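Keep in mind the model is a prediction, meaning the values are calculated, not measured. Quick note on labels: first sequence line is chain A, next is B, and so on, each numbered from 1.
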Number of protein chains: 2
Amino acid sequence: MRARAPASAANLGPGFDVLALAVDRYVEVDIEPAGRLVVRAEGEGAELADDAGHLAARVAISVVGHDRLSITVRSEIPVARGLGSSAALSVAAAAAAGSKDPLSVAARVEGHPENAAASVVGGLVAATMVRGAVRAVRLPFDTGLGLVAVVPDRPLPTARARQVLPQQVARADATFNLGRMALLLAGLADRALLVKEATEDRLHQDYRMPLFPEAPQLLARFAGAGSLAACWSGAGPTLLGLCDGGDTGRVCAEMEKGLADAGVPGQVLVLRPDLEGLVVDAL
Amino acid sequence: MRARAPASAANLGPGFDVLALAVDRYVEVDIEPAGRLVVRAEGEGAELADDAGHLAARVAISVVGHDRLSITVRSEIPVARGLGSSAALSVAAAAAAGSKDPLSVAARVEGHPENAAASVVGGLVAATMVRGAVRAVRLPFDTGLGLVAVVPDRPLPTARARQVLPQQVARADATFNLGRMALLLAGLADRALLVKEATEDRLHQDYRMPLFPEAPQLLARFAGAGSLAACWSGAGPTLLGLCDGGDTGRVCAEMEKGLADAGVPGQVLVLRPDLEGLVVDAL
């Protein structure tokens with residue numbers, strides 16, 4: 001079977017471990033019966049392939065219960081940049097291996113379900129665990145919004161980005177994020193309501209700044225470049241600007257200058273929301 | 001001037017200090033020039049009237065800058081029950097006194113803006129403070145939802161309900177509420193998506209249970225009575241069941257039995273969402 005899943009930008013500021021938006025960079029996985037395990041990988045993350053240790057192999061083997069599989073992975077999603085590459089790969093590998101519930105398989109791999117939910121459902125989703133099962137809901141997204149992603153040439157493993165977070169937070173910070181998330185959901189449903197404060201966060205972004213010291217300067221640059229709001233994508237280091245669809249070219253050009261001025265090697269991508277999510281075909 | 005404002009149910013479970021829903025119980029305030037301050041009050045809260053100390057008088061005097069006013073208050077909103085009576089009264093009094101921004105006036109009185117925002121805007125709102133100013137957004141609400149409120153004959157002053165809350169919370173509880181609030185907003189926009197877990201909360205409801213020990217039993221009864229979900233209204237002690245509009249009569253009858261079985265004196269109200277918010281007329 002062949003399955004294709006989109007990348008995703010999680011958290012989006014205040015929606016920590018809950019919100020994610022599917023975007024139009026994809027990973028495609030083909031899985032066929034074979035005499036023994038063979039993994040071929042092309043594109044992003046190809047250098048990580050080592051057969052049984054490859055994430056796609058581990059997921060597929062857990063689904064089918066044996067390793068007599070030929071697995072081909074083609075990915076456009078940069079690895080360890082905060083674009084949900086492992087969730088998308090897990091979803092696609094589980095589906096290509098024949099899983100009826102690739103979302104649960106991928107959420108188990110990830111430990112939290114929002115990236116995987118976006119990769120399965122497409123569009124803007126909220127996902128959370130309810131009695132041990134993933135519950136995901138699609139939320140309205142204004143397709144007049146454009147997305148510009150600053151993707152540094154610098155991996156930031158999620159595990160490391162999670163270690164820096166405190167176990168306890170001020171109640172006021174918890175309610176701050178609830179308020180900002182409500183403003184964000186209103187603004188993502190109707191960009192006329194999107195204000196730059198809607199992506200403010202007190203649960204993760206500030207704690208992660210030491211891992212990417214140029215982030216505040218680049219986030220501020222998004223505002224100057226004409227974005228409506230900007231935030232970290234997932235655990236970073238990718239930063240995401242939300243802007244009027246007509247402004248993406250200008251914002252992209254400005255942020256290329258911004259990256260150069262900050263001395264950060266990387267690329268700037270204009271992304272569109274993916275509204276299809278997971279697509280599965282018989283080979 | 002005459003102004004009328006609706007009551008509201010705040011928090012709705014996970015949306016602590018952020019969400020509120022305007023409901024069809026009203027306070028109306030008339031204010032006219034007079035030789036000296038006179039406050040007349042009818043209906044709910046009438047026993048609280050003491051001229052200069054009355055909340056409507058304090059708000060009106062702060063707006064006009066003097067106390068030569070005749071103020072008449074007629075209220076259907078039970079006081080100190082978690083139905084936003086003081087926010088509604090503040091909004092109506094500020095507007096009847098001629099304030100151009102009754103929401104800010106009322107949010108200052110309350111210390112948090114969500115009840116006042118619902119009383120001004122109507123419907124389901126999220127409100128939070130952004131750089132010292134209230135920012136409120138209206139959110140989609142499925143008018144096929146019915147509301148049943150259990151209102152105990154027992155005041156629970158908000159100040160006391162707030163004292164029991166811890167200043168620090170687990171980060172996992174903060175993200176728990178973010179996830180539940182997203183599920184709740186999806187379910188309030190489309191009742192087909194509303195699940196009982198959507199009103200679960202870890203920031204306030206459990207801490208407040210000792211102030212109203214029968215609450216867990218009554219919340220469980222809502223589920224048995226056919227509600228889709230149930231929660232505290234504001235700081236309590238009112239409890240709110242969200243149900244299919246066609247089920248309100250049955251849920252109301254069941255909850256009357258539930259109150260009797262729990263030995264809690266009180267009333268059960270079938271409420272409708274108010275979609276108009278603040279209405280101001282010249283007298």
Side-chain angles (χ1 to χ4, degrees), chain A residues 11-20 112-114 117 124-131 133-140 162 165-190 192-198 200-204 207, chain B residues 11-20 112-114 117 124-131 133-140 162 165-190 192-198 200-204 207:
Chain A
N11 301 337
L12 304 172
F16 180 56
D17 276 0
V18 171
L19 296 184
H112 44 101
E114 73 282 9
L124 176 66
V125 301
T128 194
M129 300 305 292
V130 173
R131 298 169 187 253
V134 181
R135 187 157 177 97
V137 287
R138 191 147 174 186
L139 297 165
R162 203 161 271 272
L165 302 180
Q167 293 303 309
Q168 296 283 314
V169 301
R171 190 185 79 229
D173 289 348
T175 58
F176 178 93
N177 267 52
L178 289 170
R180 291 307 193 264
M181 190 172 83
L183 295 186
L184 178 64
L185 292 179
L188 293 178
D190 176 359
L193 297 177
L194 187 58
V195 292
K196 69 176 186 299
E197 291 85 359
E200 289 177 346
D201 156 80
R202 289 191 186 162
L203 296 180
H204 65 108
Y207 298 109
Chain B
N11 301 336
L12 303 174
F16 181 55
D17 277 1
V18 170
L19 296 183
H112 43 101
E114 73 282 7
L124 176 65
V125 301
T128 193
M129 300 305 292
V130 173
R131 298 166 188 254
V134 181
R135 186 156 179 98
V137 288
R138 190 147 174 185
L139 296 165
R162 203 161 271 272
L165 302 180
Q167 294 304 307
Q168 296 283 314
V169 301
R171 190 185 79 227
D173 289 348
T175 58
F176 179 93
N177 267 51
L178 289 169
R180 291 309 193 261
M181 190 173 83
L183 295 187
L184 179 64
L185 293 178
L188 294 177
D190 176 359
L193 298 177
L194 187 58
V195 292
K196 69 176 187 299
E197 291 85 358
E200 289 178 346
D201 157 80
R202 289 191 185 161
L203 295 179
H204 64 108
Y207 298 110

With a 4.5 angstrom heavy-atom cut-off, which part of [X] approaches chain B: side chain, backbone, both or neither?
X      : value
A:L139 : side chain
A:E197 : side chain
A:V169 : both
A:P140 : neither

Exercise for the section: Report the C-alpha distance between A:D201 and A:R180 in whole Å, list the side-chain angles of each, state the deciding distance to 0.1 Å, and finish with yes or no for side chain to side chain contact (heavy atoms under 4.5 Å, CB included). Expected result: CA-CA 7 Å; A:D201 156 80; A:R180 291 307 193 264; over 6 Å; no
Between [options], the one whose heavy-atom pairs under 4.5 Å with chain B are most numerous:
options                        : answer
A:G15, A:A170, A:A174          : A:A170
A:L183, A:L203, A:L193, A:D190 : A:L183
A:T128, A:V137, A:L185         : A:T128

Problem - B:R171 side chain vs A:P166 backbone, donor-acceptor pair below 3.5 Å - result: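 It does hold such a pair.
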Practice task
Measure from the side-chain N and O atoms of B:H204 to the backbone N and O of B:G13, and report whether any donor-acceptor pair falls under 3.5 Å.
Solution key: yes
Problem - salt_bridge(B:D17, B:R162) N-O dist < 4.0 Å - result: yes
Practice task
Check step by step if side chain to side chain contact (heavy atoms under 4.5 Å, CB included) holds for A:L124 and A:R138.
Solution key: CA-CA 6 Å; A:L124 176 66; A:R138 191 147 174 186; 6.0 Å; no
Handout entry: Top of B:L165, B:L19, B:N177 for chain A proximity - count of heavy-atom pairs under 4.5 angstrom
Key =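 Heavy-atom pairs under 4.5 Å are most numerous for B:L165.
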Handout entry: Among B:V18, B:N11, B:V125, the one residue meeting side chain to side chain contact (heavy atoms under 4.5 Å, CB included) with B:E114
Key =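 For B:E114, the side chain to side chain contact (heavy atoms under 4.5 Å, CB included) check succeeds only for B:N11.
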